[in-house]
Amino acid sequence: MKLGLVIDLDTCVGCHACAVACKQWNTSGTSGPLSDYDPYGSKPSGVWFNRIRHYEVDDYPNNKTINAPMSCMHCEDAACVTVCPTGASYKRPEDGIVLIDQDKCMGCNYCSWACPYGARELDQESGTMKKCTLCVDRIYDENLPESERQPVCVLTCPSHARFFGDFDDPDSEVSKQVRQRSGYSMMPEQGYNPTNKYLPPRQPPAVETHKPRQVSREEHAAEDKPMAQIQRWIAQQLKRQA
Amino acid sequence: MHPAISVICFTLFSGAGYGLISFLCLDDLFDLNFTLSGSGRLWLVAVALVLITVGLLASTLHLANPRNAWRAFFRFRTSWLSREGVFAVLLYPVALVWLLTLWNSEAGGSKILAALTFCLAIATLFSTGMIYACLKTIRQWNTALTPTNYILLGFMLGSLILVASGAGNVTIAVGMVGAAALGKLIYYYWIGQPAGPTINSALGFTRATVRLLDVGHGEGNFLTDEFGYEVAKTRLIWLRVISIVFGFLVPAALLLFFGSAAGIPAMLSGFAGVFIERWLFFAEARHVVNLYHGSQST
Ligand code: SF4
Ligand code: SF4
Ligand code: SF4
């Protein structure tokens, strides 16, 4: 199995609901708590497994806002695992999930240096590294109804921009989405082979926002005659009917 | 990258210690014309071990959870950080037995132990460099020049300590200063070349401009603290100049004009220069995660 997420950059509205749901679920999960520093002060900060950033792609009038949620990509060639000196970071052979054993981590930050995607954050309270667990404590939980055995970020997304599944299965939802919508990896040149894929925004034609009608002086004079005004009115009405 | 003082002190002091002990090993093996008395040699080996220990202790200061530091020896097969730790720890018993054979000149085997100590010192220095050089995420480090410079600068400081102690060989020290300076200049040229991922490949929009609108968090976080460290370009250039002047030009000039009489100021200047160099090594490194925070390139 190769479990991971597909994120649709076309439909993501950038509401941060997935990040909030992630924090809520995981703070009492296997890697929890996700400590907050100065939460009610002037400089609140803390550990998050999922962060959404907002970009503008291309120039006016073809510009588009892109909301890019990023969490651990559960890379196939995860250098964050190989560089870890203590063996706290590991990749599960059975489903490809990359996890951190909180009891072994010594908080050296080295794995976070090796991660190109900013997925790992040190928790100052526990002194250990933390990251997305792919909700490992949900997806196999037999006490949950089967439809809910999914990462909480996927369940929460109000615009259905997130999909979870097995990339090794060609008929899974994630494999189909990647096939049909040309799903791609972020920063592939780093060579980490990230499992998570992103669906590019669809490309509708640019909306014409303003196009002044070109009217010559003669046309203007002709249009102002009463007969021409009536003709124009009739033409408009007919157009509206059709 | 955020330049952590603990890591700077680690690479500076233990680097110098490994350089010093390497030269003492080489002298035992091939006689480099050092004017060492028997007890002088013992003292210098002890100084090297103290420097190494100070450095290693400093390095543990940057661990957020030092209780688990003992586990760091376990991933020897994949992690350069682990390898560095293993070589560093192995060096102690070997160097101590070597010290004993030096002290008790009747005991044989000094040469073999010197060779072993030398290999371990080089291996540790190389591993320290590889900790940084193996990271594909930081192009300023991901080069063979990184371990080369760690070894050259360690050797340079070692030879300067030897000269300062009155035992060293000025020609060797000046040669090391020259080699280290050359290595560093090639490195600065190398990192000046544009390369690496851009904000476009980071997000997968390679046919259009990409601009950051909002990072999604109001205050800093771990990522911005650790990787977002940035220094003004002009200040970086000035610091480079200062590190080259103090690290290489002043020690070389002092040694060339005044010989071993100027050993101590040359050594102090060398340490100051390399300290700034190490600080720059971190401050100039641009992690690719900065692309997601709006940098156009690394
Ligand atoms: S995204 Fe980062 S933390 Fe996750 S597997 Fe890849 S390299 Fe490791
Ligand atoms: S899979 Fe779970 S842990 Fe990972 S980002 Fe989604 S909610 Fe967070
Ligand atoms: S909840 Fe869905 S739409 Fe909102 S930011 Fe997350 S992925 Fe995007």
Side-chain angles (χ1 to χ4, degrees), chain A residues 9 14 16 19 38 42-48 51-59 62 65-66 68 70 79 81-88 103-110 112-118 120-124 126-129 184-192 198 200, chain B residues 1 4 59-60 62-85 131-132 134-138 196-197 199 201-205 207-223 225-227 287-289 291-294:
Chain A
L9 297 180
H16 293 239
D38 196 19
S42 57
K43 284 187 188 285
S45 176
V47 182
W48 294 74
R51 289 184 183 272
I52 296 95
R53 304 183 182 95
H54 312 273
Y55 304 91
E56 183 182 36
V57 174
D58 213 341
D59 300 309
N62 299 307
T65 301
I66 299 292
M70 288 178 68
V81 170
T82 50
V83 303
C84 173
T86 61
D103 292 334
K104 289 188 183 164
C105 176
M106 66 174 184
C108 65
N109 285 358
Y110 194 29
S112 74
W113 294 4
C115 172
Y117 305 106
R120 295 175 165 250
E121 300 192 10
L122 185 86
D123 186 329
Q124 289 170 19
S126 64
T128 52
M129 196 54 71
Y184 67 93
S185 304
M186 282 190 176
M187 230 177 337
E189 68 271 35
Q190 287 275 299
Y192 283 56
Y198 287 80
Chain B
M1 295 289 294
S59 79
T60 60
H62 106 285
L63 301 181
N65 192 20
R67 268 178 310 145
N68 278 342
W70 59 277
R71 292 184 185 271
F73 305 113
F74 290 152
R75 284 302 152 106
F76 184 80
R77 282 181 47 211
T78 61
S79 169
W80 282 106
L81 184 48
S82 192
R83 289 173 194 160
E84 198 260 354
I131 291 176
Y132 305 100
C134 75
L135 296 173
K136 284 187 224 159
T137 47
I138 301 167
I199 192 169
S201 65
L203 283 151
F205 297 100
R207 298 195 199 170
T209 50
V210 179
R211 286 174 290 270
L212 177 76
L213 291 178
D214 195 285
V215 280
H217 46 80
E219 296 300 330
N221 60 35
F222 172 75
L223 298 174
D225 292 348
E226 186 78 0
F227 305 115
H287 193 283
V288 290
V289 81
L291 300 172
Y292 294 108
H293 292 146

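So that the names make sense, note that chain A is the first sequence line, chain B the second, and so on, each numbered from 1.
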field: Side chain B:Asn68, main chain A:Thr86, donor-acceptor under 3.5 Å
entry: no
- prompt: Hey, are A:Asp58 and B:Thr209 close enough side-chain-wise for a donor-acceptor pair under 3.5 Å?
  reply: no
query: Between B:Ala69, B:Ser59, B:Gly196, B:Gly85, which residue shows the highest count of heavy-atom pairs closer than 4.5 Å to chain A?
result: B:Ala69
- prompt: Using non-hydrogen atoms only, which part of A:Cys108 is less than 4.5 Å away from chain B: side chain, backbone, both, or neither?
  reply: both
query: Which atoms of A:Tyr198 come close to chain B, meaning under 4.5 Å heavy atom to heavy atom: side chain ones, backbone ones, both, or neither?
result: neither
Reported CG-to-CD distance for the pair B:Asp225 and A:Gln124, which is rounded to 0.5 angstrom: 7.5 Å
statement: Taken to the nearest 0.5 Å, the spacing of A:Trp48 CH2 from B:His217 NE2 works out to 11.0 Å
task: Check whether B:Leu223 gets within reach of chain A through its side chain, its backbone, both or neither, counting any heavy atom under 4.5 Å.
output: side chain
message: Can you tell me which portion of A:Tyr184 sits under 4.5 Å from chain B's heavy atoms? Options are side chain, backbone, both or neither.
response: side chain
query: Does the pair B:Arg71/A:Asp103 count as a salt bridge with the N-to-O cut at 4.0 Å?
result: no
statement: Closest heavy-atom pair, A:Gly127 versus B:Asn65, reported as atoms and distance to 0.1 Å, is O-CB, 3.2 Å
field: Separation of A:Tyr110 OH from B:Cys134 SG (nearest 0.5 Å)
entry: 3.5 Å
query: Is it true that the side chains of A:Glu189 and B:Ser201 contain a donor and an acceptor less than 3.5 Å apart?
result: yes
query: Tell me, side chain or backbone of A:Ala68 under 4.5 Å from chain B's heavy atoms, or both, or neither?
result: side chain
- request: For chain A, find which of B:Ile138, B:Asp214, B:Leu212 contributes the most heavy-atom pairs closer than 4.5 angstrom.
  value: B:Asp214
query: Yes or no on side chain to side chain contact (heavy atoms under 4.5 Å, CB included) for B:Leu203 and A:Tyr55, after CA distance, side-chain angles and deciding distance?
result: CA-CA 9 Å; B:Leu203 283 151; A:Tyr55 304 91; 3.6 Å; yes
task: Using non-hydrogen atoms and a 4.5 Å limit, figure out which bit of B:Phe227 sits close to chain A: side chain, backbone, both or neither.
output: side chain
field: Residues B:Arg211, A:Asp59; criterion side chain to side chain contact (heavy atoms under 4.5 Å, CB included); working and verdict
entry: CA-CA 10 Å; B:Arg211 286 174 290 270; A:Asp59 300 309; 3.1 Å; yes
Residue selection (most heavy-atom pairs with chain A, distance under 4.5 Å) from B:Ile199, B:Val288, B:Leu291: B:Val288
query: How close do A:Gln190 and B:Pro197 get, heavy atom to heavy atom, and via which atoms?
result: NE2-CG, 3.6 Å
- prompt: Which one, B:Glu84, B:His293, B:Arg77, leads in non-hydrogen pairs under 4.5 Å with chain A?
  reply: B:His293
Test log, rule side chain to side chain contact (heavy atoms under 4.5 Å, CB included), inputs A:Thr65 and B:Leu213: CA-CA 8 Å; A:Thr65 301; B:Leu213 291 178; 3.8 Å; yes
task: Let me know if B:Leu135 has heavy atoms under 4.5 Å from chain A in its side chain, its backbone, both or neither.
output: side chain
message: Does any backbone or side-chain atom of B:Phe205 lie under 4.5 Å from a heavy atom of chain A? Answer side chain, backbone, both or neither.
response: side chain
field: Pair A:Asn109-B:Glu226, side-chain donor/acceptor within less than 3.5 Å
entry: yes
message: Counting only non-hydrogen atoms closer than 4.5 Å, does A:Ser112 touch chain B with its backbone (N, CA, C, O), its side chain (CB onward), both, or neither?
response: both
query: Are the side chain of A:Ser45 and the backbone of B:Glu219 linked by a donor-acceptor contact shorter than 3.5 Å?
result: no
field: Inter-residue atom distance A:Arg51.CZ - B:Tyr292.OH, 0.5 Å rounding
entry: 15.0 Å
message: Tell me whether B:His287 contacts the main-chain N or O of A:Pro116 through its side chain, where contact means a donor paired with an acceptor under 3.5 Å.
response: no
- prompt: Where do B:Ala202 and A:Met186 come nearest, in terms of heavy atoms and distance?
  reply: O-CB, 3.3 Å
message: For chain A, which candidate among B:Val289, B:Thr137, B:Thr78, B:Thr60 shows the most heavy-atom pairs at distances under 4.5 Å?
response: B:Thr137
query: When heavy-atom pairs shorter than 4.5 Å are enumerated against chain B, which of A:Cys115, A:Cys105, A:Pro200, A:Pro85 gives the highest number?
result: A:Pro85
